[in-house]
Amino acid sequence: MVDNDMRVDFYKEMVRIRTYEAALQRDYHADKAPAWDIGAGLIPGEMHLSAGQEPVAVGLCANLEQGDAITGPHRPHHLALAKGVDMKAMTAEIFGRDTGLSHGKGGHMHLFDPSQHFSCSGIIAQGMPVAVGQALAFSRRGTANVAVAVAGEGAANQGGFHEALNLASMWKLPVIFIIEDNDWAISVNRETATPIKDGSLRASAYGMPSARIEGNDVDAIYDACRTAVERARAGGGPTLLEIHTVRLWGHFEGDAQAYRGDELAAATENDPIPLYEKRLLAAGLLTEDSIGSIKAQAEEEVEAAIAYAKASPEPKPSDAYLHVFA
Amino acid sequence: MVDNDMRVDFYKEMVRIRTYEAALQRDYHADKAPAWDIGAGLIPGEMHLSAGQEPVAVGLCANLEQGDAITGPHRPHHLALAKGVDMKAMTAEIFGRDTGLSHGKGGHMHLFDPSQHFSCSGIIAQGMPVAVGQALAFSRRGTANVAVAVAGEGAANQGGFHEALNLASMWKLPVIFIIEDNDWAISVNRETATPIKDGSLRASAYGMPSARIEGNDVDAIYDACRTAVERARAGGGPTLLEIHTVRLWGHFEGDAQAYRGDELAAATENDPIPLYEKRLLAAGLLTEDSIGSIKAQAEEEVEAAIAYAKASPEPKPSDAYLHVFA
Amino acid sequence: MTAPVDVEAGARRVTTAKAISEAIAQEMRANPEVFVMGEDVGPYGGIFGSTGGLFEEFGATRVIDTPISETGFIGAGIGAAVEGMRPVVELMFVDFLGVCFDQIYNHMAKIHYESGGNVKVPMVLMMAVGGGYSDAAQHSQCLWATFAHMPGMKVVAPSNPYDAKGLMASAIKDDNPVIFMFHKGVMGLPWMAKNPRSIGAVPEEEYTVPIGKAAIPHPGTDVTVVSVSMSVQHCLDVAEKLEGTTSVEVIDLRSIVPLDREAILASVAKTGRLVIVDEDYRSFGLSGEIVATIADKDPSMLKVPVQRVAYPDIPVPYARVLEYEALPTRDKIEAAIAAAMKG
Amino acid sequence: MTAPVDVEAGARRVTTAKAISEAIAQEMRANPEVFVMGEDVGPYGGIFGSTGGLFEEFGATRVIDTPISETGFIGAGIGAAVEGMRPVVELMFVDFLGVCFDQIYNHMAKIHYESGGNVKVPMVLMMAVGGGYSDAAQHSQCLWATFAHMPGMKVVAPSNPYDAKGLMASAIKDDNPVIFMFHKGVMGLPWMAKNPRSIGAVPEEEYTVPIGKAAIPHPGTDVTVVSVSMSVQHCLDVAEKLEGTTSVEVIDLRSIVPLDREAILASVAKTGRLVIVDEDYRSFGLSGEIVATIADKDPSMLKVPVQRVAYPDIPVPYARVLEYEALPTRDKIEAAIAAAMKG
Ligand SMILES: Cc1ncc(C[n+]2csc(CCOP(=O)(O)OP(=O)(O)O)c2C)c(N)n1
Ligand SMILES: Cc1ncc(C[n+]2csc(CCOP(=O)(O)OP(=O)(O)O)c2C)c(N)n1
Ligand SMILES: [Mg+2]
Ligand SMILES: [Mg+2]
């Protein structure tokens, strides 16, 4: 069960992630003017930020160890940071620098940190089978590590979801499947794409335990993940968790979200961080002062990472030809 | 409900299909000697026969009209015949003749009869989305036709199954998904591949009605399909039916089935045609005489189709270059 | 081969994205069997604007937002086409072909042949291709050769709004499956750097551009430069720059299948020098096929080695400096022309 | 380039299928991280015998029968490889690549590059290719060029048992993803017509054949015939038949990626005449790339037009008479050699 120390840590980590995403958002847009050009600026390319989904990453990763694996989706920063991926190297990667996780070859949708067994992919649902294979390796080697596959509710309609869940259940592997249900797949609402309300019901197609967690509450998410992770570590096989969360910003930066209408205002009111902050304040776990210093510390760490990235050299053009083969 | 006239018709149609498959089996092997060569003889290539699965095709197709569609799998003959595909043209196709359904271009796994809206594909589960599209066309045009996708229990672990069911349910299309559960996918038993016993439960992942039909009994299959087809015609959307049946012969011709062990003997005892025959005899719907004449009639039709195929010309070699583009 | 129709000054100028959606709209008005399906093709209007305005005009029954189930909805497109409808299906990025390729190459492309000509699949599968804006290894490829290597599909890739509209109209009218590849860089998107050639004069009335016919937007006599899609814009820029020093004949293939081999042969017969500019991967692709087209006939047509300015055989890197090292840029095209002229 | 090791008369002769499973068994004995996964690879021993005997020796934890979920289990292979295991995964027929291609080309092939070299994917993906026995459009293709066009995978396709064993050993030891394509016709299957070359002398001890090196199983001086996989057997038959009249140099590529361009260039520099024999589709594939390899360097090396004996750009038809019209047969190879000699 979640105790008060953990709650403060959860809060800190969520603030850290949000601070990170906000800073990236700022720097992403900073130099794309005058005409907004996606390829221009310090951070080029598509950018999928995770604001609103911090409770998922934080509640999940508080249950994970360094040797556990995560395969993340196109929207990966919250997961990477919560898992322990080095913020400096990750930021340098996103800025396309030679000091980045992948020397600037991967970018925001392709973050690889083998020391944390963290990876992500820009192709919907395709990280899910990869996590199954990591779990297979863990189980063959007899470690108690688990592999976690994270995907959106849109991804749960992709064939790879089905095949991965079936395999993991068939082979009773230590996998936790997390569906981040933020109601949207770009502009397509869940109701247009998914004929059932509770996606965790899909687990029964594989004889797999599951739960849907409402409320975007880090405490509840932690508890649900804990049950799943413990089951997996104990050899009890996989679990599917569908976690209802919220996408506070556009699908990608530059998305005007005209399709959201009123729902967007409601979503904004459901920002999980102020809500959690209020609870912790009320419970006396935080004070205005401690909040201030937590935020300041986050700012400091994030700005240091960004400064590191900006100060880092770009890769040499000819490095493009390296690393095709090992 | 099934009445007695229908029962006799079911029996006739099952006998007709079995007679057909047995004759193909005979001619397939006839001239592959001395060394058994898959590419040699009157019927070359892979050959997946449907003996044991006749109740599925017959119970299903008794509910269908010419304007309804079927997409079948690699094991298609029972479905094609029951749907009304012309036996002569189909046989000529399997013998690779110019008078065949596709002038010898398609062969046994690629039977196309647009007049019956019948097609099949050798790629597991990939006919399922195609049926969804046929149903989409029917529904856009406001016909009461339905589309049926048939696949094996092995195919239900393929991503295409998941996507097709989800789409059909989301769009409430007139599709019936039939899973022929014959316990085997080549040499891989259902228990090795599918972690749940009742595959029809998978429909709940899409909010779709479903049933599993045990017993390989054409009457029960007819009834279940009837409910599904009526629902679809009435605009009630798709249904998933998992029908437990039996694969009496090898996966393909030439399969020694060493992997089956005792189960094969049990399967052979469950041949649905003698069992049904016995029931109809006991009920006085058949006599030894009428059975004899039904079988003779089937032999006659089948041998005529084979004779037609054998007498038909081969395509011209240069026809290989036709039909790449319309 | 025809150069794009001459359009008078003052004619309406639109983006390629608008030209495509206009062609679809006109076909939809003319034929109730035409419909559109894909991810974010509805109210959003297509991530790259290819279906802008269609949802507003035709509604949700003819402009269908799908779940993220490419095998499912491309297969559904095939099924609808088999029943005689004319679906225009969007695969958002070509890079996603791997989740649905079986439907594309084993079904969409082969059904007509397997059925001995009895079943037609009149379907357009459109998709965005290309890089240049740091979208990295899974969102920046061209891959036209991957489709072209598989028999049974036509493959088109326009370089400008005029051709895009005419080719889309042809594609929808065609009784065969047509892969319609629009490079993000030619769409004239408000949020991407663009060559002015991505906005151009486009007649409002319906017209077609024939599939399988190359264009020669810049005739010349010294060297043949064959290209397709976005790279054609760069080739034209270079050809114009070199006017007076080198007479460059730019061939815009427009279609990859059928490939207009005659146009290539005729030009190389004249120039004896060949530069191929291809944003798809270099090896086992378009550039090799073009060379082989000549060597099949007469290798002595080529006075000098062929210059292939193609994407090197590396995944697309993210960092701008790495990506531009690999892309077929104007500088590289110019250097290749110089090398061909020297050789 | 090395011709296959000389083996004394009386040496053990085995089928290619046996050679492959033996290589896998030896690697599995040597390294506990090697395991096998796929459909019917267990008790059945692989539909084409590539895993015969492995289940009996290594059991179900190391020889894993999978559900029909190619995206699932190829992805799982990638995950295991990322964690340092060395999976040998079987995709039963290359023709099924469409249901799992994203895992193959967007993940297996790219992870190493995207990770800047930090994550290795030491995985073998083996599969049956080829036709000639009326398995029609969805079960008879070669498609090596489809893999080869995508960067990040090695691609090998042996023509005989000796090379198959040595290339499989190399593939399993390789730190990169390797596509291992065995043509059904070279496997020496008891149930398929076969060229005697599909059974051959194979040492029992472990050895490797290097990936990326062509062999010259039949040296010659008049004309270069480049081929790979099953077609090499036909080329050798023809070369032997023509001995005394035409001196044919047969190059067995063995690997398509890396392509041994030096071997091709050296031979064509000598002969000036080139025949390419390729069971994969003709256009946008291997044959074009080979021609371009020469034209990149010096088109005047070619004294006469290139002869491409490749699979025409048509889906594979079912009827024997149609299929053999399309296949690269000995007759066609002989005719192409004659044409090259005349030209
Ligand atoms: C196979 C595939 N299809 C489509 C896309 C394009 N795409 C990128 S993100 C996205 C929406 C994903 O929605 P969801 O899974 O709910 O995740 P979210 O963006 O909400 O976090 C789509 C369609 C893709 N990357 N891969
Ligand atoms: C995508 C794909 N994977 C594998 C195969 C090879 N294959 C053909 S039939 C078959 C088994 C099918 O089992 P099931 O779906 O239960 O049908 P059944 O043969 O029992 O009728 C397999 C694995 C294929 N044709 N397509
Ligand atoms: Mg979402
Ligand atoms: Mg089965």
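Within every chain, numbering begins at 1; the chains are lettered A, B, ... in the order of the sequence lines, protein sequences first and strands thereafter.
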Exercise. Looking at side-chain heavy atoms only, is the closest gap between Pro299(D) and Pro305(C) below 4.5 Å?
Worked result: yes

Exercise. Which answer fits Leu97(D), side chain, backbone, both or neither, if we ask what part of it has an atom under 4.5 Å from a heavy atom of chain C?
Worked result: both

Exercise. If you measure only the distance, is there a donor-acceptor pair under 3.5 Å linking the side chains of Asp313(D) and His149(C)?
Worked result: no

Exercise. Counting only heavy atoms not in Lys270(C), do more than 12 fall under 6.0 Å of its NZ?
Worked result: yes

Exercise. Are Asn106(D) and Gln141(C) close enough that some pair of their side-chain heavy atoms sits under 4.5 Å apart?
Worked result: yes

Problem set entry | Partner chain D: residue of Ala137(C), Ala145(C), Ser287(C) with the largest heavy-atom pair count (under 4.5 Å) | Ala137(C)

For this session: Indicate the atoms forming the closest heavy-atom contact of Val316(D) with Tyr113(C), along with that distance.
Result: C-CE2, 4.3 Å

Exercise. How close do Asp296(D) and Arg308(C) get, heavy atom to heavy atom, and via which atoms?
Worked result: OD2-NH2, 2.8 Å

Exercise. If we only count heavy atoms from C-beta on, is the Glu289(C) to Glu289(D) side-chain gap below 4.5 Å?
Worked result: no

For this session: Give the minimum heavy-atom separation between Pro315(D) and Pro151(C), together with the two atoms involved.
Result: N-CG, 3.6 Å

Problem set entry | Pro312(D), part contacting chain C, at a heavy-atom distance under 4.5 Å | neither

Exercise. Taking 4.0 angstrom as the limit, do Asp95(C) and Lys110(D) come out as a salt bridge?
Worked result: no

Exercise. For chain D, which of Leu274(C), Asp298(C), Ile276(C), Ile256(C) has the most heavy-atom pairs under 4.5 Å?
Worked result: Ile256(C)

Problem set entry | Minimum-distance pair of heavy atoms, taken over all atoms of Phe96(C) and Tyr105(D) | N-OH, 4.3 Å

Problem set entry | Selection from Ile294(C), Thr293(C), Asp280(C) maximising heavy-atom pairs under 4.5 Å formed with chain D | Asp280(C)

For this session: Any chance you could measure Phe284(C), atom CZ, to Ile290(D), atom CD1, to the nearest 0.5 Å?
Result: 7.5 Å

Exercise. Which atom pair, heavy atoms only, marks the closest approach of Ala292(D) to Gly288(C)?
Worked result: CB-CA, 3.7 Å

Seminar exercise, completed: Val291(C) and Ala295(D) have their tightest heavy-atom pair at CG1-CB, 3.3 Å

Seminar exercise, completed: The interface call for Thr146(C) against chain D, heavy-atom contacts under 4.5 Å, is both

Seminar exercise, completed: Answer key: most heavy-atom pairs under 4.5 Å with chain D among Pro317(C), Ser300(C), Gly152(C) is Pro317(C)

Exercise. Which of the residues Gln307(D), Met301(D), Arg282(D), Gln103(D) is involved in the greatest number of heavy-atom pairs with chain C at under 4.5 angstrom?
Worked result: Arg282(D)

Problem set entry | Residue Lys297(C) excluded, over 12 heavy atoms near NZ under 6.0 Å | no

Exercise. Could you state the interatomic distance from OG (Ser283(D)) to CE (Met150(C)), rounded to the nearest 0.5 Å?
Worked result: 13.0 Å

For this session: Please flag which part of Glu114(D) lies under 4.5 Å from any non-hydrogen atom of chain C: side chain, backbone, both or neither.
Result: side chain

For this session: Heavy-atom distances under 4.5 Å only: say whether Val257(C) touches chain D with side chain, backbone, both or neither.
Result: side chain

